Amino acid sequence: MPELAEVAFACSKWNSGLDKRVREAATLPTSRVYRESDHTEFSNLLTGKKLILAETHGKQMLFSFSGNIYLGIHLGMTGSLANEPATYEIQKYDALVLRQSECSLVFRDPRQFGRLRISCRTKPPPWWSDLPPSITENEFNLEIVEKAVIRHNRRPIKALLLDQNYFPGMGNWMADEVLWRAKLRPSRLAGTLDVNEIAYLYNQTLFVAKGAMKSVGIKGGDPPKGWLFHVRWKDGLLCPKTKLPLIRESIGGRTTCWSPSYQS
DNA sequence: ATACCTGTTTCCCG
DNA sequence: CCGGGAAACAGGTA
């Protein structure tokens, strides 16, 4: 379930491979996650290299290796990272297996919406260093939200929140959580928000991003009690604030859960 | 069997 | 050229 905090937690699964060399890199050549690159590059460049750094930016992950090798991973909808025994054999949907002395670092993705990138340069590649500030960073400010709203004034605010150019890391459940706390109807066109609503939306974005990182991002569990998260996945549940029925419908092309008695 | 799905890119339309 | 929305991607799960 990879958005901001789940991605951070997934990334930490490879922490035990830090400072260790890759003895062998096995790939699944037919996997669509290699659509941007040649899968042989991954085995060629990663074999023998030491994993130095594991970090995330929004939904993107970057693994830095010795020899100026940078591995980029995006989990898509169903991608996951795992830490398996050193003797682990590659399985059906394992796109990449990095065998080390004490464990195997695995990226698997049955649905293959994820994406792998690799780069050998003295600096981090542009697909990493050129990313806009993620919603957890200090550089993510009110001005970014204001500009997005002005430029995309005809978009439902739900769809705008999911735009990774402005809100890197925001995913479907987080967007619902933010809009619920900001008391905004997800279908509201961005251009109809006044300055106070925009500022409130921005503040709730910070709150949800920080809260998710503290709970989901570190422990891998669920967000705190009382969050919309716990009642958004199926029909017929009640708004935690008003105790009145929630609605689930498609907005901006995604399943959206919201509280008509609370959000306007 | 059928419908639905936590993400992004591509295609089509106005 | 630009913006918005649907479709497509491919398989698991209920």
Side-chain angles (χ1 to χ4, degrees), chain A residues 1-11 13 28-37 56-61 72-82 91-95 107-117 127-128 130-132 134-135 147-180 186-192 205 208-209 211-213 215-217 220-223 227-237 246-258:
Chain A
M1 34 173 107
E3 48 197 271
L4 184 87
E6 288 105 352
V7 172
F9 185 68
C11 183
K13 301 241 176 130
L28 179 65
T30 53
S31 176
R32 211 175 152 265
V33 303
Y34 292 105
R35 60 193 173 282
E36 282 185 15
S37 39
T56 68
H57 182 111
K59 298 174 193 174
Q60 312 277 341
M61 295 188 284
I73 300 184
H74 191 293
L75 297 174
M77 287 249 263
T78 53
S80 61
L81 296 192
Q91 301 292 308
K92 188 174 181 188
Y93 296 117
D94 295 345
F107 166 52
R108 79 176 51 104
D109 185 4
R111 229 171 141 184
Q112 306 170 51
F113 291 177
R115 183 176 51 218
L116 285 179
R117 291 168 160 146
W127 44 256
W128 174 260
D130 293 353
L131 293 170
S134 89
I135 52 178
K147 284 189 171 165
V149 164
I150 290 167
R151 177 158 177 183
H152 301 281
N153 61 337
R154 302 287 305 161
R155 258 206 238 179
I157 188 62
K158 167 74 186 267
L160 187 57
L161 280 182
L162 291 173
D163 190 330
Q164 301 299 296
N165 293 309
Y166 303 103
F167 301 91
M170 187 77 74
N172 202 29
W173 74 253
M174 287 185 76
D176 284 358
E177 189 77 44
V178 168
L179 291 169
W180 177 63
S187 57
R188 279 274 294 278
L189 296 190
T192 68
T205 299
V208 170
M213 288 299 276
S215 49
V216 182
D222 287 346
W227 282 38
L228 182 70
F229 177 92
H230 301 284
V231 291
R232 71 171 297 282
W233 304 98
K234 57 179 185 179
D235 293 337
L237 299 184
L246 295 163
I247 287 184
R248 295 176 80 239
E249 61 182 336
S250 182
I251 299 174
R254 312 297 304 279
T255 298
T256 299
C257 177
W258 63 288

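Basis for what follows: all heavy atoms, side chains included, without hydrogens, waters or symmetry-related copies. Computed from a predicted model, the values in this text were never measured in an experiment. To find a chain, count down the sequence lines: A is the first, B the second, and so on, and within it residues start at 1.
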Exercise for the section: Output yes when a side-chain donor or acceptor of H74(A) lies under 3.5 Å from a complementary backbone atom of F113(A), and no otherwise. Expected result: no

Shorter than 3.5 Å, N or O on both sides, protein versus nucleotides 2-6 of chain C: list them out with atom names.
residue: dG3(C); atom: OP1; partner: R151(A); partner atom: NE; Å: 2.9
residue: dG3(C); atom: OP1; partner: R151(A); partner atom: NH2; Å: 3.4
residue: dG3(C); atom: OP2; partner: R151(A); partner atom: NH2; Å: 3.4
residue: dG4(C); atom: OP1; partner: R155(A); partner atom: N; Å: 3.3
residue: dG4(C); atom: OP2; partner: H152(A); partner atom: ND1; Å: 2.7
residue: dG4(C); atom: OP2; partner: R155(A); partner atom: NE; Å: 3.0

Exercise for the section: Check the geometry between F113(A) and dC9(C) and answer yes if their rings are stacked (centres below 5.5 Å, planes below 30°), otherwise no. Expected result: yes

Handout entry: Test log, rule side chain to side chain donor-acceptor pair (under 3.5 Å), inputs W127(A) and E36(A)
Key = CA-CA 12 Å; W127(A) 44 256; E36(A) 282 185 15; over 6 Å; no

Exercise for the section: Look at the side-chain N and O atoms of K59(A) and state whether any lies under 4.0 Å from the OP1 or OP2 oxygen of dT8(B). Expected result: yes

Fill in the blank from the handout: Taken to the nearest whole Å, CD1/I251(A) to P/dC5(B) is 13 Å

Exercise for the section: Decide yes or no for E6(A) and M174(A): does some side-chain heavy atom of the first lie under 4.5 Å from some side-chain heavy atom of the second? Expected result: no

Handout entry: Residues that S31(A) engages under side chain to side chain contact (heavy atoms under 4.5 Å, CB included), provided they are two or more places apart
Key = L28(A), V33(A), Y34(A), A95(A), Q112(A)

Handout entry: Minimum-distance nucleotide (side-chain atoms of Y93(A) versus dG11(C), dC5(B), dT8(B))
Key = dG11(C)

Exercise for the section: Indicate yes or no for a side-chain donor-acceptor contact from E3(A) to the backbone of N172(A) under 3.5 Å, with no hydrogens or angles considered. Expected result: yes

Problem - Nearest listed nucleotide, side chain of P110(A), among dC5(B), dG12(C), dT8(B) - result: dG12(C)

Practice task
Could you check which of dG7(B), dC5(B), dT8(B) has an atom nearest any side-chain atom of T255(A)?
Solution key: dC5(B)

Practice task
Specify the separation, in whole Å, of atom CH2 of W233(A) and atom P of dT13(C).
Solution key: 16 Å

Exercise for the section: Measure from CG on N165(A) to C1' on dT9(B) and round the result to the nearest Å. Expected result: 12 Å

Exercise for the section: Examine dC9(C): is either OP1 or OP2 under 4.0 Å from a nitrogen or oxygen in the side chain of R35(A)? Give yes or no. Expected result: no

Completion exercise
Whole-Å distance, H74(A) NE2 to dT9(B) C1', equals 11 Å

Practice task
Please state how far atom OH in Y166(A) lies from atom C1' in dG7(B), giving the value in whole angstrom units.
Solution key: 18 Å

Handout entry: Set of salt bridge (Lys or Arg N to Asp or Glu O under 4.0 Å) partners for D235(A), sequence neighbours left out
Key = R248(A)

Completion exercise
All heavy atoms of M170(A) vs all of K59(A), minimum pair found to be O-NZ, 2.7 Å

Exercise for the section: Using the test side chain to side chain contact (heavy atoms under 4.5 Å, CB included), find all partners of A8(A) that sit at least two apart in sequence or belong to another chain. Expected result: T56(A), M213(A)

Practice task
State whether Q164(A) places a side-chain N or O below 4.0 Å from either non-bridging phosphate oxygen (OP1 or OP2) of dT8(B).
Solution key: yes

Problem - d(CE, M77(A); C1', dA7(C)) in whole Å - result: 13 Å

Throw together a table of side-chain donor-acceptor distances under 3.5 angstrom for residues 249-257 of chain A, partners on residues two or more places apart or in other chains.
residue: E249(A); atom: OE2; partner: W258(A); partner atom: NE1; Å: 2.7
residue: T256(A); atom: OG1; partner: K158(A); partner atom: NZ; Å: 2.7
residue: T256(A); atom: OG1; partner: R254(A); partner atom: O; Å: 3.0

Problem - Whole-angstrom distance between dA1(B) and dC9(C), as gauged at atom C1' - result: 22 Å

Problem - Closest-nucleotide 5' rank along DNA chain C - winner of R32(A) and K92(A) - result: R32(A)

Handout entry: Under 4.0 angstrom between R254(A) side-chain N/O and dC5(B) OP1 or OP2
Key = no

Handout entry: Close side-chain approach of M61(A) and F107(A), heavy atoms under 4.5 Å
Key = no

Practice task
Whole angstrom is fine here: how far is it from CD in Q112(A) over to P in dT8(B)?
Solution key: 17 Å

Practice task
Go through DNA chain C and write down every stem, that is, every run of at least three consecutive Watson-Crick or G-U wobble pairs with distances under 3.5 Å, as range with range.
Solution key: B:2-5 with C:11-14, B:7-14 with C:2-9

Fill in the blank from the handout: When rounded to whole Å, the CG to P distance for the pair L28(A) and dG11(C) reads 10 Å

